[in-house]
Asker: 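The structure follows.
Each ligand, and each atom within it, is numbered from 1 in the order the structure gives. Heavy atoms only: backbone and side chains are in, while hydrogens, waters and symmetry mates are out.
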Amino acid sequence: MHKTVIERDPKTRGILEPMSKAGKVSSSNPRIAIAIMAAGKGTRLKSKLPKVLHEVGGKPLLAHVIAAAAKVVPAKHVYAIVGHEADRVREALSHTGVGFVLQKEQRGTGHALMMAREALTDYDHVLVLSGDAPLIQAETIEKLRDFHIAKRAAMSLLTARLDVPAAYGRVIRKSSKSDEVKAIVEFKSLSATQRKICEINAGFYAFHVPVLYGNIDKLKTNNPHGEFYLTDMAAILCKTKKRVVAVQAEDANEVLGGNTRAELVEIDQHMRLAKCWQLMAEGVTIFNPQSCVIDSDVEVGTDTTIEPFVQLLGSTKVGSESRIHSYSVIRNTELGDGVTVLPGCVMDDSRVENKATLGPYSRLRPGSDIGEGAKVGNFVETKKIRLGKGSKANHLTYLGDAEIGEGVNIGAGTITCNYDGVHKHKTIIEDGVFVGSDSTLVAPVKVGKGAYIAAATCVTEDVPVDSLAVGRSRQVNKEGWVREKRAKTAEKAKSSHS
Ligand code: UD1
Ligand code: CA
């Protein structure tokens with residue numbers, strides 16, 4: 001017997017509470033769990049990363065399936081069956097609050113469900129999802145659930161019609177008009193006639209739990225892969241006169257599985273285009289959506305315009321009436337309303353308040369906090385700073401570990417020297433300060449309110465409020481110096497030729 005391990009992230013939800021065995025099954029309010037098969041290696045991807053952690057739409061495959069599942073039942077009733085690189089998968093998704101079941105050896109989809117027996121035993125029905133089919137929508141899972149319950153079926157499966165049914169398993173119905181299914185035949189075992197069937201098994205099922213576990217030990221490994229196929233349950237149950245039914249998905253794209261790199265890219269494109277269409281429906285203009293890369297969890301407000309070749313990644317949020325010009329890559333950053341991002345900006349883990357202007361070619365590194373109406377211009381790099389309301393750093397500047405007040409002007413070429421080779425230090429620039437071009441501020445240092453820094457000053461000491469700091473050597477003009485040098489050179493050339 002393989003040991004079943006059920007784990008939960010103690011931080012999010014505490015340990016698994018055993019369900020009451022006393023409560024009788026009520027058909028009007030059945031207890032429903034969702035199991036997601038996610039233990040496979042994904043051999044066809046030829047990758048070190050386990051299949052379900054490969055990303056589409058900026059998130060692991062499994063994260064999408066969990067998100068859909070958790071809309072149908074609370075996360076505590078969702079169980080991800082993990083195996084290959086289980087620790088890595090569990091770590092990446094523990095924040096979702098689902099339970100994890102370990103399938104130590106991956107001996108097929110049927111075997112995955114055998115390993116979940118203990119976790120599922122107190123439920124009436126289980127909806128089984130494939131962890132590598134991330135386009136599935138909660139509504140479709142609900143449709144499968146409702147169909148299964150309405151038909152009082154032992155097993156229900158979701159199907160789709162595909163023009164190119166590829167390597168999917170095919171569904172053999174009792175007759176073309178019947179809901180009832182005789183068998184699912186895996187690709188490698190298809191006869192020439194069966195190959196022509198365009199109705200495929202989508203890899204999503206509903207089972208009556210007692211019937212599933214009352215029959216699951218009948219699964220055999222006499223197939224080309226030597227695995228326990230969950231799909232064989234259809235024929236097994238049919239033979240024992242249990243009802244096996246199929247319902248077709250409205251949108252065949254929803255069931256696409258990511259088994260190869262090419263399939264993953266196809267799914268990614270579907271997901272991102274759907275995201276663009278959703279945003280457009282909500283009042284966002286996206287020019288050339290095919291060229292934009294917008295992750296699933298990104299939010300954009302109405303009347304914002306996104307130009308071609310923009311990437312909005314991770315948890316990025318953009319407010320209303322903003323404009324993101326081409327070639328900007330923005331990750332985990334919050335932009336307010338009326339923000340202008342000129343071409344070629346790169347931003348990570350930062351915040352930009354309303355009506356600020358950035359770029360072209362600004363680089364906001366993590367912890368940059370740009371105030372309302374502020375300007376960060378060409379070739380300006382920031383890191384861990386606050387730039388106050390209406391302040392400007394328009395050209396060629398590095399601002400790191402700095403607190404900059406309101407209405408400050410940072411001249412071209414200003415640099416905060418925040419690093420002494422060992423530690424980082426802070427620069428404080430108070431409201432209304434004017435920093436002349438090409439100044440260096442050697443931190444830790446503070447420039448008081450309203451002070452001026454003369455161009456090219458190296459500020460090493462604090463500057464008092466309303467003062468002028470000048471820290472550069474004086475200019476000396478040597479009059480006629482060049483004229484004399486020229487004359488001397490000409491003299492030399494003459495004597496060497498004679
Ligand atoms: C499976 C179905 C096929 C269907 C297709 C739909 C079987 C035998 N075949 O094929 O009929 O058309 O899905 O996408 O089920 N997994 C485990 N443990 C294992 C093996 C697999 O958890 O031991 C997981 C995988 O990680 C994956 C899912 O189950 O998320 C499906 O497995 P996969 O190998 O991708 O099955 P397919 O060949 O796509
Ligand atoms: Ca698959």
Asker: Which one of Ala39, Gly131, Ala112, Gly108 has a non-hydrogen atom at the shortest distance from atom 19 (C) of ligand 1?
Answerer: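 Nearest heavy atom to atom 19 (C) of ligand 1 lies in Gly108.
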
Asker: For ligand 1 and Tyr168, I'd like to know whether there is a polar contact (N/O to N/O, distance under 3.5 Å).
Answerer: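 In fact, backbone or side chain, Tyr168 has no N or O that close.
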
Asker: Test your reading of the structure: does Ser130 have an N or O sitting under 3.5 Å from an N or O of ligand 1?
Answerer: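 For ligand 1, there is no N or O atom that lies under 3.5 Å from one belonging to Ser130.
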
Asker: Determine whether the side chains of Thr231 and Glu186 contain a donor N or O and an acceptor N or O closer than 3.5 Å.
Answerer: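 Yes, side-chain donor-acceptor contact under 3.5 Å.
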
Asker: In this structure, which one of Lys383, Lys424, Lys426, Arg365 forms a salt bridge (charged side-chain N to carboxylate O under 4.0 Å, His left out) with Asp401?
Answerer: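 Running salt bridge (charged side-chain N to carboxylate O under 4.0 Å, His left out) over Lys383, Lys424, Lys426, Arg365 with Asp401 returns exactly one hit, Lys383.
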
Asker: Is there any N or O on Val52 that sits under 3.5 Å from an N or O of ligand 1?
Answerer: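 So ligand 1 has no N or O lying under 3.5 Å from an N or O of Val52.
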
Asker: With atoms numbered from 1 as shown, which atoms in ligand 1 lie under 4.0 angstrom from a non-hydrogen atom of Arg107?
Answerer: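 By the 4.0 Å cutoff, the relevant atoms are 23 (O).
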
Asker: Taking non-hydrogen atoms only, is Glu105 closer than 4.0 angstrom to ligand 1 via side chain, backbone, both or neither?
Answerer: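 Neither; no heavy atom under 4.0 Å.
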
Asker: Run the numbers on Tyr123 and His77 for ring-ring contact (aromatic ring centres under 6.0 Å, His included), then give the verdict.
Answerer: CA-CA 9 Å; Tyr123 292 94; His77 298 304; 5.5 Å; yes

Asker: Would you mind telling me which of Lys59, Arg272, Lys275 makes a side chain to side chain donor-acceptor pair (under 3.5 Å) with Asp295?
Answerer: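 So the option named by the test is Arg272.
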
Asker: Can you sort out which atoms of ligand 1 are near Thr109, meaning under 4.0 Å from one of its heavy atoms?
Answerer: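 Counting atoms of ligand 1 from 1, those under 4.0 Å from Thr109 are 7 (C), 8 (C), 15 (O), 20 (C), 21 (C), 29 (O), 31 (C), 32 (O).
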
Asker: Please work out, at 4.0 Å between heavy atoms, whether the side chain, the backbone, both, or neither of Ile200 comes within that distance of ligand 1.
Answerer: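 Near ligand 1, Ile200 shows nothing, with every heavy atom at 4.0 Å or more.
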
Asker: Of the protein's non-hydrogen atoms, which lies at the shortest distance from atom 11 (O) of ligand 1, and what is that distance?
Answerer: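 For this ligand atom, the closest protein heavy atom is Glu186 OE2, 2.7 Å.
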
Asker: Run the numbers on Leu264 and Asn259 for side chain to side chain contact (heavy atoms under 4.5 Å, CB included), then give the verdict.
Answerer: CA-CA 7 Å; Leu264 283 179; Asn259 302 294; over 6 Å; no

Asker: May I ask you to identify the nearest protein heavy atom to atom 39 (O) of ligand 1, giving residue, atom name and distance to one decimal place in Å?
Answerer: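 The closest one turns out to be Asn259 OD1, 3.5 Å.
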
Asker: Assess whether side chain to side chain donor-acceptor pair (under 3.5 Å) is satisfied between Thr159 and Glu199, documenting all intermediate values.
Answerer: CA-CA 6 Å; Thr159 74; Glu199 186 172 28; 2.6 Å; yes

Asker: Side chain, backbone, both or neither: which part of Leu230 comes within less than 4.0 Å of ligand 1 when only heavy atoms are counted?
Answerer: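 Looking at Leu230 and ligand 1, no heavy atom falls under 4.0 Å.
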
Asker: Which is it for Glu85 and Arg90 under the salt bridge (charged side-chain N to carboxylate O under 4.0 Å, His left out) test, yes or no, and what are the steps along the way?
Answerer: CA-CA 9 Å; Glu85 295 263 19; Arg90 204 181 290 140; over 6 Å; no

Asker: Is there a heavy atom in Met115 that sits closer than 4.0 Å to ligand 1?
Answerer: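 Not so, Met115 does not reach ligand 1.
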
Asker: Can you list everything that forms a side chain to side chain donor-acceptor pair (under 3.5 Å) with Lys151? Sequence neighbours excluded, please.
Answerer: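 If we apply the side chain to side chain donor-acceptor pair (under 3.5 Å) test to Lys151, skipping adjacent residues, the hits are Asp179.
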
Asker: Report the nearest protein non-hydrogen atom to atom 13 (O) of ligand 1: residue, atom name, distance rounded to 0.1 Å.
Answerer: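 Sorting protein heavy atoms by distance from atom 13 (O) of ligand 1 puts Gly203 CA, 4.5 Å first.
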
Asker: At a 4.0 Å threshold, what atoms of ligand 1 neighbour a non-hydrogen atom of Gln103?
Answerer: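 That gives atoms 17 (C), 18 (N), 19 (C), 22 (O), 23 (O) of ligand 1.
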
Asker: Return the closest protein heavy atom for atom 34 (O) of ligand 1 as residue, atom name and distance.
Answerer: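 I find the closest protein heavy atom is Arg44 NH2, 3.9 Å.
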
Asker: Which part of Ala167 is near ligand 1, with near meaning a heavy atom under 4.0 Å away: side chain, backbone, both or neither?
Answerer: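 Ala167 to ligand 1: no contact under 4.0 Å from either part.
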
Asker: Does the protein put a heavy atom under 4.0 Å from atom 1 (C) of ligand 1?
Answerer: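 No, because not a single protein heavy atom sits under 4.0 Å from atom 1 (C) of ligand 1.
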
Asker: What is the ring orientation for His125 with His148, classed by angle as parallel under 30°, tilted 30 to 60°, or perpendicular over 60°?
Answerer: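 If you compare the ring of His125 with that of His148, the planes turn out perpendicular.
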
Asker: Checking side chain to side chain contact (heavy atoms under 4.5 Å, CB included) for the pair Gln269/Val56: CA distance, chi angles, key distance, verdict?
Answerer: CA-CA 8 Å; Gln269 279 174 355; Val56 291; over 6 Å; no

Asker: For the pair Lys143 and Val247, evaluate side chain to side chain contact (heavy atoms under 4.5 Å, CB included) and give the outcome as yes or no after the intermediate values.
Answerer: CA-CA 8 Å; Lys143 180 177 166 176; Val247 60; 3.7 Å; yes

Asker: Ignoring hydrogens and geometry, is there a side-chain-to-backbone donor-acceptor pair from Asp348 to Arg331 under 3.5 Å?
Answerer: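 A pair under 3.5 Å: no.
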
Asker: In terms of atom number and element, which parts of ligand 1 are under 4.0 angstrom from non-hydrogen atoms of Ala38?
Answerer: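 What qualifies from ligand 1 is 22 (O), 26 (O).
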
Asker: Among protein heavy atoms, which lies nearest atom 25 (C) of ligand 1, and at what distance?
Answerer: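 Checked against all protein heavy atoms, atom 25 (C) of ligand 1 sits closest to Gly40 N, 3.8 Å.
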
Asker: Before giving the answer on side chain to side chain donor-acceptor pair (under 3.5 Å), spell out for Gln137 and Thr140 the whole-Å C-alpha distance, their side-chain angles and the decisive distance to 0.1 Å.
Answerer: CA-CA 5 Å; Gln137 299 295 307; Thr140 307; over 6 Å; no

Asker: Name the option, out of Leu157, Asn223, Asn201, that contains the heavy atom nearest to atom 4 (C) of ligand 1.
Answerer: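 Comparing heavy atoms across Leu157, Asn223, Asn201, the nearest one to atom 4 (C) of ligand 1 lies in Asn201.
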
Asker: For the atom pair CG (Asn201) and CG (Leu158), what is the distance rounded to the nearest 0.5 Å?
Answerer: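 CG of Leu158 is found 8.5 Å from CG of Asn201.
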
Asker: For Asp217, which residues count as a salt bridge (charged side-chain N to carboxylate O under 4.0 Å, His left out) partner, sequence neighbours excluded?
Answerer: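 By the salt bridge (charged side-chain N to carboxylate O under 4.0 Å, His left out) rule, Asp217 matches Arg117.
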
Asker: Measure Lys51 to ligand 1 on non-hydrogen atoms and call it side chain, backbone, both or neither using the 4.0 Å cut-off.
Answerer: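 Under 4.0 Å from ligand 1, Lys51 contributes side-chain atoms alone.
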
Asker: Name the closest protein heavy atom to atom 29 (O) of ligand 1, giving the residue it belongs to and the distance to 0.1 Å.
Answerer: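 So the nearest neighbour among protein heavy atoms is Met37 CB, 3.4 Å.
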
Asker: Under 6.0 Å from the ring centre and within 45 degrees of the ring axis: does the NZ or CZ of Arg195 meet both conditions for the six-membered ring of Phe187?
Answerer: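 Yes, cation above the ring, under 6.0 Å and within 45°.
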
Asker: Please could you name the atoms of ligand 1 that Ala202 approaches to less than 4.0 Å, counting only its heavy atoms?
Answerer: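 Listed by number with element: 6 (C), 14 (O).
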
Asker: Check this for me: does any side-chain nitrogen of one of Lys174 and Glu180 sit under 4.0 Å from a carboxylate oxygen of the other?
Answerer: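 Yes, Lys174 and Glu180 are salt-bridged.
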
Asker: Check this for me - ligand 1, Gly169, N or O atoms closer than 3.5 angstrom, yes or no?
Answerer: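 Yes - when backbone and side-chain N and O of Gly169 are compared with those of ligand 1, one distance drops under 3.5 Å.
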
Asker: With sequence neighbours excluded, tell me which residues meet ring-ring contact (aromatic ring centres under 6.0 Å, His included) with Tyr213.
Answerer: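 ring-ring contact (aromatic ring centres under 6.0 Å, His included) list for Tyr213, sorted by chain: empty.
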
Asker: At a cut-off of 3.0 Å, list the protein N/O/S atoms near the Ca ion (ligand 2), residue plus atom name.
Answerer: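 Within the sphere that stays under 3.0 Å of the Ca ion (ligand 2), the protein atoms of type N, O or S are Asp132 OD2, Asn259 OD1.
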
Asker: Quiz question for you: does at least one protein heavy atom lie closer than 4.0 Å to atom 9 (N) of ligand 1?
Answerer: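 Yes.
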
